[in-house]
Amino acid sequence: MSKKPAYLKTKSSSYWVICALLAAIAWFVYGAGNDFELKYLVENSVLKNRSFQGNVEEIFVPSLKTKAYFMEENTNPLVAVSFLFDEAGTAYEENGKEGLVALSAATIKDGAGEYSAKDLKEQMAVNGIKIAFSANKDWFAGTLVTPKENLPQAVDILKNILLKPNFENEYFKLAKAQTIKVLKTEKENPQKELQLEFNKKIYQDHPYAKNPLGTEESVNALKRRDLKNFVKNNLAKENLHLGIAGDLNKEEAAHLIAGIFSELPDKPQAKNLPPLHINWQQEPLQINRKSGQTIVTFAGMGTCRKCEDFYSLYIANYIFGGSGLNSKINMSLREKEGLTYGAYSALVITNKANLLVAGFSTTPDNYVRAQNMFYDEWLNVAKEGFSEDELTAAKNYLTSSYNLRFASIDGIADMLVMMQKYDLGLDFLQKRNDYVNAVTLQQLNDAAAKYFTKEILRAEIGNFKEGN
């Protein structure tokens with residue numbers, strides 16, 4: 001019988017069962033559309049009063065010239081390493097090389113060193129090793145999860161992938177063809193078209209505005225050597241952030257990351273991005289197309305991750321549109337008026353810009369009414385603020401549900417790497433709920449008044465002639 005996780009203080013042995021049950025309920029609520037209240041279940045579950053007990057330590061490896069955040073967690077014989085190369089994302093591509101980073105993330109496991117692509121897949125499958133890569137505007141990231149007993153194989157495989165990727169021609173050509181196919185069909189998806197066009201409106205001539213997949217022309221022009229040069233020039237020690245969690249001690253963790261990353265180049269050769277200045281006075285973007293749904297999206301000024309008002313806006317966003325079907329905007333537009341299948345809001349935090357985004361979809365005949373109601377609700381938040389009851393309910397859910405993030409070892413490693421990226425401190429996991437609970441009603445409403453303003457950009461796509 002496995003022992004209880006060290007990072008949660010509990011008298012019950014059913015933690016994993018509860019997590020699985022809550023995950024199933026979450027799917028049932030949001031996937032199947034049942035009327036169960038996940039919010040109620042989490043707030044009243046045994047998870048609510050659990051406290052984080054794990055000890056996060058900082059590791060420095062001289063040969064690596066960088067630090068890592070580490071947490072020992074020996075509930076199961078697994079090890080996870082999450083790594084992030086900052087300023088190596090899609091926005092940092094050279095002109096004419098658009099699509100390079102996304103294509104690299106998709107094909108970097110297709111052969112490495114003396115391993116063929118087939119060999120890598122077989123070795124990972126046989127040894128239970130999982131390696132995944134992803135990229136966004138700002139960074140190129142990856143995750144390794146392996147049984148502890150297979151660490152030597154996992155280290156060798158990941159080291160070869162990072163230092164000697166082959167990007168085998170067969171898979172490279174296939175990935176290019178698939179990317180071009182996606183680019184050709186993106187305009188068939190109204191939501192995707194709106195997202196791409198709205199990015200151009202928000203970011204204008206800044207690199208953030210470009211399609212992360214590139215263009216047909218740029219992808220067609222990419223060569224295998226371009227991908228190899230990207231890895232060689234951008235994955236370096238200086239822009240590396242690391243999070244490690246699992247069944248190993250601090251010395252073993254230091255040895256692990258030294259074995260994987262010590263031979264990387266010291267410095268990346270990535271270009272610097274220019275400052276970003278958003279013009280909040282632009283006219284709305286309207287894309288007319290035949291569609292049964294009209295989709296509307298908004299963007300306003302947000303806040304940075306370490307800004308003093310981050311948690312105030314975090315909670316304000318949660319209440320307004322970040323809590324799914326229970327959110328303020330969904331209760332108004334969906335539950336009371338039946339004007340939308342769903343509305344949302346979210347915080348977007350990037351290296352060069354922080355946004356508060358929101359949106360909804362509706363039928364063309366309800367478009368005008370839904371938009372007016374949404375806008376009224378947005379401005380009313382700034383004018384009237386939120387209630388003490390809304391703040392209390394939000395705090396209860398956000399603190400009660402927090403422990404669900406610790407349900408997987410790779411999830412913990414991911415949190416550790418983001419803690420390092422944003423310099424949140426080694427004690428962040430213990431203090432996070434305190435930060436949430438410390439937000440006062442005055443601070444919450446000050447954030448609402450500051451960020452839910454008239455200075456927002458709007459974009460929409462659909463049939464507008466039928467609106468009333």
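All values below were derived from every heavy atom in this structure, side-chain atoms included, with hydrogens, water molecules and symmetry-related copies excluded.
Ala353 approaches Leu276 most closely through the heavy-atom pair CB-CD2, 3.3 Å.
In this structure, the side chain of Lys395 engages the main chain of Val439 through a donor-acceptor pair within 3.5 Å. The backbone N or O of Ile131 lies less than 3.5 Å from a partner atom in the side chain of Lys109, making a donor-acceptor pair. Remark: the backbone N or O of Lys328 is not paired with any side-chain donor or acceptor of Ser332 at under 3.5 angstrom. Side-chain atoms of Asn445 do not come within 3.5 Å of backbone N or O of Ala448 as any donor-acceptor pair. Judged purely by atom type and a 3.5 angstrom limit, Glu98 uses its side chain to pair as donor or acceptor with the backbone of Gly96. Between the side chain of Tyr451 and the main chain of Ala316, no donor-acceptor pair closer than 3.5 Å is present. Put simply, the side chain of Lys271 gets close to the backbone of Glu93: a donor and an acceptor are under 3.5 Å apart. For Asn55 (side chain) and Glu72 (main-chain N/O), no donor-acceptor pair under 3.5 Å exists by modelled atom type. No donor-acceptor pair under 3.5 Å is formed between the side chain of Asn463 and the backbone N or O of Pro364. Judged by distance alone, the side chain of Thr297 and the main-chain N or O of Ala459 form no donor-acceptor pair under 3.5 Å.
Pairs of residues two or more places apart, or lying in two chains, that qualify as side chain to side chain donor-acceptor pair (under 3.5 Å) and include a residue from residues 275-285 are Gln204-Gln282, Gln281-Glu455.
The 12-atom threshold is not exceeded at OH of Tyr341, counting heavy atoms of other residues, nucleotides or ligands nearer than 6.0 Å.
Here Leu242 contributes atom CG and Ile59 contributes atom CD1; the two are 9.0 Å apart, rounded to the nearest 0.5 Å. Rounding to the nearest 0.5 angstrom, the gap separating the CE atom in Met373 from the CG atom in Leu339 is 6.0 Å. From Asp247, atom CG reaches atom CD of Glu73 across 8.5 Å, with rounding to the nearest 0.5 Å. Note that CG of Leu379 is 10.5 Å distant from CZ of Phe374, once rounded to the nearest 0.5 Å.
Taking the salt bridge (Lys or Arg N to Asp or Glu O under 4.0 Å) definition, one finds that Lys267 meets it with Glu238, sequence neighbours left out.
Screening Phe386, Tyr344, Phe452 for a ring pair (Phe, Tyr, Trp, His ring centres under 6.0 Å) involving Phe320 leaves a single residue, Phe452.
Residues Tyr397 and Tyr318 place their aromatic rings such that the two centres sit under 6.0 Å apart.
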